[in-house]
Amino acid sequence: MPPTLDPELRRALAERVRYYQELGIYDFYRRGATSSDAALAPTSQTEVREEMPARKSAAVPALSKGNIFEVLTPRLEHGVTDPVAALKLVREDLGDCTRCKLHQQGRKQIVFGVGNPQADLMFVGEGPGADEDAQGEPFVGRAGQLLNNMIKAMGLRREDVYIANIVKCRPPGNRTPERDECETCSPFLMRQISVIKPKAIVALGAVAAKNLLAINAPMSELRGRWYDFKPSGSDPSWAGARLAVTYHPAFLLRDPRQKGEAWKDLQMVMKELGLKPPRANT
Ligand code: SF4
């Protein structure tokens with residue numbers, strides 16, 4: 001049973017943390033907790049990840065049910081049944097986001113996500129590159145072209161799936177997004193996933209996989225298996241998604257020899273979703 005808090009105390013804690021957020025303070029760290037305050041201490045995903053040993057198989061949601069941040073991040077889209085409207089509310093809540101330092105490191109615009117709001121399949125990458133930053137849409141450059149081909153090979157169209165990234169602003173020089181940036185931005189991705197309720201998610205590359213699964217393992221261990229994935233706070237009637245890991249298309253452009261391995265990953269996903277590759281000439 002997760003610990004329960006007195007509603008008044010939860011409200012007071014939420015107010016206090018909102019106050020800190022207005023001051024620009026987003027990260028909270030657990031001090032040595034006494035038995036009485038252990039249930040109340042806010043924990044960040046950072047701590048969850050650092051305390052989490054590497055796992056080789058089934059994954060669980062990144063945040064536990066009793067996590068205080070469910071209270072601190074009110075979900076405006078809760079109770080909204082139309083996924084288009086619900087995603088719009090998430091986007092509005094994101095606003096002209098300045099929550100992490102990527103907002104002041106040269107981004108042109110926020111790249112929220114694109115595709116079918118009721119997609120059975122979601123692809124999650126790392127973050128926008130230069131083309132994505134310019135156009136405001138994920139995976140539109142050369143890597144995007146390759147992703148489109150991968151989607152087509154699965155018998156789907158780009159507009160059938162939903163595509164998003166761990167961080168929504170371009171890291172300068174296409175560097176890897178830093179942990180604090182991922183942790184600040186990914187709750188919005190979790191909300192998108194909770195609205196879309198896909199049957200399957202494909203994490204593109206190690207950064208996406210490690211952030212979604214909170215597993216620190218090489219790609220060779222992350223690929224080739226299924227993980228159960230359900231963001232905390234999601235609709236209890238949704239069973240959650242199955243999550244698979246494959247190579248990022250940008251990596252495949254650099255090392256095309258791995259395309260065969262990526263195709264094996266996608267075939268695993270196709271089998272799960274009952275998809276057949278398109279026939280030639282169709
Ligand atoms: S990366 Fe995400 S959290 Fe950071 S400024 Fe952009 S939208 Fe906000």
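This structure is a prediction, so every number in the text was calculated from the model and none was measured. First listed ligand is number 1; within each ligand, the first listed atom is number 1.
Residue-ligand proximity, C100 to ligand 1, at heavy-atom distances under 4.0 Å covers atoms 1 (S), 3 (S), 4 (Fe), 5 (S). When each atom of ligand 1 is checked for a heavy atom of H103 under 4.0 Å away, the hits are 5 (S).
The shortest distance between side-chain heavy atoms of L204 and N165 does not fall below 4.5 Å.
Metal site remark for atom 2 (Fe) of ligand 1: C97 contributes no N, O or S atom at a distance under 2.8 Å.
In this structure, the protein non-hydrogen atom closest to atom 6 (Fe) of ligand 1 is C169 SG, 2.3 Å. At the shortest separation from atom 2 (Fe) of ligand 1 among protein heavy atoms lies C185 SG, 2.3 Å.
Remark: the backbone N or O of G113 is not paired with any side-chain donor or acceptor of E137 at under 3.5 angstrom. Of the possible donor and acceptor atoms, one in the side chain of K168 sits under 3.5 Å from a partner among the backbone N and O of F112.
Comparing heavy-atom distances from atom 5 (S) of ligand 1 across Q105, R107, Q109, K168 singles out R107 as nearest.
Ion pairing of D180 with K101 is present here, as a side-chain N (NZ or NE/NH1/NH2) and a carboxylate O approach within less than 4.0 Å.
In plain terms, the two heavy atoms of D131 and R142 that are nearest each other are OD2-N, 4.4 Å.
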